[in-house]
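Whatever order the structure lists ligands and atoms in, that order sets their numbers, starting from 1.
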Amino acid sequence: MELNTSGIIGQSTTLAGVFKTLSKVAPTDSTVLVTGESGTGKELLVRALHANSNRANKPFVPINCGAIPKELLESELFGHEKGAFTHAIRSRAGRFELADGGTIFLDEIGEMDLSLQVKILRVLQEKEIERVGGSGIKKVDVRIVAATNRDLENEVKAGHFREDLYYRLNVIPLHLPPLRERGGDVILLARHFLTKFCEKKGRTPLDLAPKTVRILQAYSWPGNVRELENFMERLSILTDGNVVTPDDLPDKILNQVADQDLTEDLAQAPAEEVVETAIVSQASAPQSTEFRWPDLTDLEKLGLSLKDFLDTVETRIIDQALQKASGAKNQAAELLGLKRTTFIEKLKKRQQ
Ligand SMILES: Nc1ncnc2c1ncn2[C@@H]1O[C@H](COP(=O)(O)OP(=O)(O)OP(=O)(O)O)[C@@H](O)[C@H]1O
Ligand SMILES: [Mg+2]
């Protein structure tokens with residue numbers, strides 16, 4: 001089956017693993033529990049799951065269990081009969097009934113009260129619901145998908161989450177890795193959002209200066225894709241000129257990245273490791289003395305455009321030359337076979 005990833009952008013191997021599980025589990029009726037830090041794309045993934053299921057043209061009904069006051073959540077989920085409580089002036093179907101034949105998405109399930117958790121367990125086991133104030137039960141055919149950014153195993157230990165429900169939900173766990181573990185996806189997503197917001201605002205698409213690319217790649221993105229998305233929107237409004245330079249970045253990012261040694265940090269990033277193996281002559285690797293030209297697969301692994309790839313390579317080699325020449329520009333230029341003026345030009349461009 002061809003997987004429709006419904007706008008989920010990314011080419012990192014960590015995300016590819018998630019897609020692989022998704023393609024296997026989507027066409028089944030199994031219950032799925034999606035975990036991951038805030039902003040990692042849990043909702044997007046659940047929508048993709050529904051879109052790739054046999055229920056795709058039946059309803060997809062999301063409900064945020066953390067956003068609805070607990071007194072109302074039960075009637076929201078299961079519906080109520082007229083007169084069930086003071087304001088129940090007429091009968092109303094709940095989300096489970098609305099989702100019949102399709103998928104219900106119980107978002108932030110970790111926030112749900114223990115008393116309601118029992119009722120969810122009952123739907124999972126018996127496939128039936130009862131409206132609040134109702135006298136009878138109704139059969140429903142609903143696939144349940146839940147998500148949380150909490151560690152439910154800890155919640156179980158702490159007595160906040162029912163163990164039986166946890167096991168029932170966690171039939172197929174899907175974990176979304178944080179953005180900082182997705183290598184080149186950071187830049188892929190940054191470009192995607194930047195282009196999208198610039199288009200929306202009718203301005204020329206902004207480019208990222210090579211140094212900006214390195215900083216964005218080194219930042220830890222605690223708010224994950226959501227943080228990146230909001231940040232790119234901000235840049236699309238505030239950046240003068242057509243290139244985003246480090247000066248355009250907020251202190252929050254600059255300070256964090258400056259606290260680390262950028263070059264050291266980049267050497268640890270998985271994406272950069274690929275550049276390293278691709279670029280640096282493998283003469284340095286003990287097992288092989290053969291040089292290998294980088295190829296398209298390297299770009300794909302990194303999720304970088306040709307331009308970013310070449311810029312990164314150039315920046316790295318320039319850094320090495322400067323280091324070898326102990327900062328002497330004449331000598332570094334010579335090592336690179338460049339005229340001094342051309343070399344200085346390149347250094348200036350990097351500092352933009
Ligand atoms: N891989 C991705 N490609 C494109 N957009 C993404 C990706 N991941 C997340 N987004 C976007 O980032 C934002 C946050 O994603 P989403 O709401 O799915 O995250 P979440 O994990 O449900 O977060 P929370 O735990 O805070 O509810 C959304 O606007 C979503 O469209
Ligand atoms: Mg969400």
Discussion item. With a 4.0 Å cut-off on heavy atoms, is Gly39 in contact with ligand 1?
Written reply: yes
Worksheet entry | Subset of ligand 1 atoms that lie under 4.0 Å from at least one heavy atom of Leu189 | 2 (C), 3 (N), 4 (C)
Discussion item. Please determine whether a side-chain nitrogen of the Lys or Arg among Arg168 and Asp164 lies less than 4.0 Å from a carboxylate oxygen of the Asp or Glu.
Written reply: no
Item to complete: Enumerate the atoms of ligand 1 whose separation from the nearest heavy atom of Gly7 is less than 4.0 angstrom.
Response: 3 (N), 4 (C)
Worksheet item: What about Asp107: any of its N or O atoms under 3.5 Å from an N or O on ligand 1?
Response: no
Discussion item. One residue to check: Glu108. Relative to ligand 1, which of side chain, backbone, both or neither has a non-hydrogen atom less than 4.0 Å away?
Written reply: side chain
Fill in: Asp29 and Arg55 ion-paired at < 4.0 Å
yes
Discussion item. Are any of the N/O atoms on Gly41, whether in the backbone or the side chain, positioned under 3.5 angstrom from an N/O atom of ligand 1?
Written reply: yes
Item to complete: Please report which non-hydrogen protein atom sits nearest to atom 14 (C) of ligand 1, along with the residue it belongs to and the distance in Å to one decimal place.
Response: Arg226 NH2, 3.7 Å
Discussion item. If you take the nearest heavy atom of each of Ala48, Ser12, Ser38, Gly36, which one is closest to atom 26 (O) of ligand 1?
Written reply: Ser38
Discussion item. Can you confirm whether more than 12 heavy atoms, excluding those of Glu111, are under 6.0 Å from its CD atom?
Written reply: yes
Worksheet item: Which protein heavy atom lies closest to atom 25 (O) of ligand 1, and at what distance to 0.1 Å?
Response: Lys42 NZ, 2.6 Å
Worksheet item: Measuring from His80:NE2 to Arg90:CZ, what's the distance to the nearest 0.5 Å?
Response: 8.5 Å
Practice prompt. Report the part of Ile9 in contact with ligand 1, treating N, CA, C, O as backbone and CB onward as side chain, heavy atoms under 4.0 Å; options are side chain, backbone, both, neither.
Written response: both
Practice prompt. Could you check if a side-chain atom of Ile8 sits within less than 4.5 angstrom of a side-chain atom of Phe19, using non-hydrogen atoms only?
Written response: yes
Item to complete: Could you label the plane-to-plane angle of the Phe96 and Phe78 rings as parallel, tilted or perpendicular, counting under 30° as parallel and over 60° as perpendicular?
Response: parallel
Fill in: ligand 1 atoms in contact with Asn149 (distance to a heavy atom under 4.0 Å)
25 (O)
Worksheet item: Are any of the N or O atoms of Val225 closer than 3.5 Å to those of ligand 1?
Response: no
Discussion item. Grouping I, L, V, M, F, W and Y whenever their side-chain heavy atoms are under 4.5 Å apart, do Val123 and Val32 come out in a common cluster?
Written reply: no
Practice prompt. Below 4.0 angstrom from a heavy atom of Glu43, which ligand 1 atoms are there? Numbered from 1 as shown, please.
Written response: 18 (O), 22 (O)
Worksheet entry | Side-chain touch Asn224/Leu176, heavy atoms, less than 4.5 angstrom | no
Worksheet item: Has ligand 1 got any nitrogen or oxygen that is less than 3.5 angstrom from a nitrogen or oxygen of Leu44?
Response: yes
Worksheet, complete the sentence: Taking only non-hydrogen atoms of Glu229 and a 4.0 Å limit, the atoms of ligand 1 in range are 11 (C), 12 (O), 13 (C), 28 (C), 29 (O)
Worksheet item: With a 4.0 Å heavy-atom cut-off (strictly under), which part of Phe193 contacts ligand 1: side chain, backbone, both or neither?
Response: side chain
Discussion item. Is there a path of hydrophobic side-chain contacts, each under 4.5 Å between heavy atoms, that joins Leu72 and Leu114?
Written reply: no
Discussion item. Under 4.5 Å between side-chain heavy atoms, counting indirect links through other Ile/Leu/Val/Met/Phe/Trp/Tyr residues: same cluster for Leu44 and Ile109 or not?
Written reply: no
